[in-house]
Undergrad: 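Structure provided below as structure tokens; questions to follow.
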Amino acid sequence: MDISATVLIIIITAISSFYGWKNYGFLSRSMFNPYLITRNKEFDRFILSGFVHKDAMHLLFNMITFYFFGSLVEQYLTYRFGFFPGVAIFILFYLGALAISDIPTYLKHKSNPNYQALGASGGTAAAVFASIILMPMQDICLFGILCLPGFILGIIFLGYSAIKSKQDNDSINHDAHLFGALFGIIFILILSPASAVHFFNQVKNYSLF
């Protein structure tokens, strides 16, 4: 059975997270800690921190979200560039999103020894918003109850992330949600500038009622 890059990333992330919950040394070394990155030149934390999660709920939410939206982005890239180049671009997209979405937080907290965060926030958000640009009217359902077009839930998601970022109290890098979303949007628009026209044509006539 073929395993997609999306599923492979999820498997690696789940294994790393479970191992981190049992091995604090590994978890601590994987944490996104801008102060330690600066002091010890541990730049691999930009990537490692995306493969560990705070708890099972954090892991489950991020990986379910990434499965649906990452799969769509991966399918688009393999259709556009062919299977192997598309998979390679998708993996670079995900790793790039993890690292680049953390840069603003790094600059903000590099002198703060008490700040640390973990989770695939940037990569997941990048996949979500890349998908929204490609298919803005695709319904997304929360818990099988509330279903709204992706671009509406995207706006809600950004608002929630902005609020949680100001609270800064749960070891989750909510700033990475914001900058990961921006990364995903820019990534798709660079590959397919026509997607911007498609997006606005799709949403301009949308009515909630």
Side-chain angles (χ1 to χ4, degrees), residues 1-17 46-47 50-53 58-102 119-158 161 176-206:
M1 181 179 67
D2 292 334
I3 298 179
S4 68
T6 301
V7 171
L8 183 60
I9 288 170
I10 291 171
I11 291 172
I12 294 172
T13 304
I15 292 173
S16 299
S17 296
F46 279 94
I47 300 297
F51 288 90
V52 291
H53 285 73
H58 184 207
L59 173 67
L60 187 64
F61 177 80
N62 263 349
M63 293 300 99
I64 288 177
T65 303
F66 179 65
Y67 175 75
F68 287 107
F69 294 97
S71 295
L72 193 152
V73 176
E74 183 179 359
Q75 289 169 13
Y76 167 77
L77 292 174
T78 55
Y79 174 80
R80 176 82 182 272
F81 297 102
F83 180 76
F84 288 110
V87 167
I89 293 170
F90 176 72
I91 292 172
L92 291 174
F93 160 76
Y94 183 74
L95 297 179
L98 290 179
I100 292 174
S101 65
D102 277 340
S121 300
T124 299
V128 169
F129 280 82
S131 300
I132 288 173
I133 293 298
L134 292 171
M135 301 180 65
M137 304 307 296
Q138 179 71 34
D139 275 352
I140 302 172
C141 296
L142 297 178
F143 308 110
I145 301 173
L146 176 64
C147 296
L148 290 171
F151 80 95
I152 296 291
L153 285 180
I155 294 171
I156 295 172
F157 176 79
L158 289 179
S161 295
H177 286 139
L178 301 174
F179 290 100
L182 184 61
F183 179 90
I185 292 169
I186 292 173
F187 176 84
I188 287 297
L189 293 182
I190 289 174
L191 289 184
S192 176
S195 294
V197 176
H198 171 74
F199 176 87
F200 286 112
N201 286 338
Q202 289 282 303
V203 305
K204 68 179 180 181
N205 296 321
Y206 174 76

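Since the model is a prediction, treat every value here as computed from it, not as a measurement.
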Undergrad: I need the minimum non-hydrogen distance between Ala97 and Gly122, along with the two atoms involved.
TA: CB-O, 3.8 Å
Undergrad: Residues two or more places apart in sequence or in another chain: which of them pass side chain to side chain contact (heavy atoms under 4.5 Å, CB included) with Leu60?
TA: Ile64
Undergrad: So, for Ala120 and Tyr94, which heavy atoms are closest and what is the spacing to 0.1 Å?
TA: CB-OH, 3.3 Å
Undergrad: With sequence neighbours left out, what residues match Phe46 under ring-ring contact (aromatic ring centres under 6.0 Å, His included)?
TA: Phe32, Tyr106
Undergrad: Taking all non-hydrogen atoms of both residues into account, name the closest pair between Ser101 and Gly180 and its distance.
TA: CB-N, 3.5 Å
Undergrad: According to side chain to side chain donor-acceptor pair (under 3.5 Å), who are the partners of Ser131, at least two apart in sequence or on a separate chain?
TA: none
Undergrad: Rounded to the nearest 0.5 Å, what separation is found between the OG1 atom of Thr124 and the CZ atom of Phe68?
TA: 13.5 Å
Undergrad: I need the minimum non-hydrogen distance between Leu98 and Gly50, along with the two atoms involved.
TA: CD2-CA, 4.0 Å
Undergrad: With sequence neighbours excluded, tell me which residues meet side chain to side chain contact (heavy atoms under 4.5 Å, CB included) with Ser71.
TA: Thr6, Tyr67, Gln75
Undergrad: Out of curiosity, Leu8 CG to Ile12 CD1, how far, rounded to the nearest 0.5 Å?
TA: 4.0 Å
Undergrad: Might you point out which heavy atoms bring Ala126 and Phe183 nearest each other, and give the distance in Å?
TA: CB-CD2, 4.1 Å
Undergrad: Starting at NE2 of His198, measure out to CD1 of Ile133 and round the result to the nearest 0.5 Å.
TA: 9.5 Å
Undergrad: Extract all donor-acceptor atom pairs below 3.5 Å that involve side chains of residues 149-156 and protein atoms in other chains or at least two apart in sequence.
TA:
none

Undergrad: Apply the test side-chain contact (heavy atoms from CB on, under 4.5 Å) to residues Phe199 and Ile132: give CA-CA distance (whole Å), side-chain angles for both, the deciding distance (0.1 Å), then the verdict.
TA: CA-CA 8 Å; Phe199 176 87; Ile132 288 173; 4.0 Å; yes
Undergrad: Give me the atom names and distance for the closest heavy-atom approach of Phe51 to Ser16.
TA: O-CB, 2.9 Å
Undergrad: When you look at Ile89 and Phe187, which way does the side-chain contact (heavy atoms from CB on, under 4.5 Å) test go after all the steps?
TA: CA-CA 11 Å; Ile89 293 170; Phe187 176 84; 3.8 Å; yes
Undergrad: Residues in side chain to side chain donor-acceptor pair (under 3.5 Å) with Tyr76, at least two apart?
TA: Arg80
Undergrad: To the nearest 0.5 Å, what is the distance between CG on Leu134 and CD on Gln202?
TA: 11.5 Å
Undergrad: For the CD1 atom of Ile3 and the CD1 atom of Ile10, what is their distance to the nearest 0.5 Å?
TA: 11.0 Å
Undergrad: Who passes side chain to side chain contact (heavy atoms under 4.5 Å, CB included) against Leu59, sequence neighbours left out?
TA: Thr13, Ala14, Ser17, Phe18, Trp21, His53, Met63
Undergrad: Once side chain to side chain contact (heavy atoms under 4.5 Å, CB included) is applied, do any residues pair with Ala5, and if so which ones, sequence neighbours excluded?
TA: Glu74, Val87, Phe90, Ile91
Undergrad: With Ser195, which residues qualify under side chain to side chain donor-acceptor pair (under 3.5 Å), at least two apart?
TA: Ser192
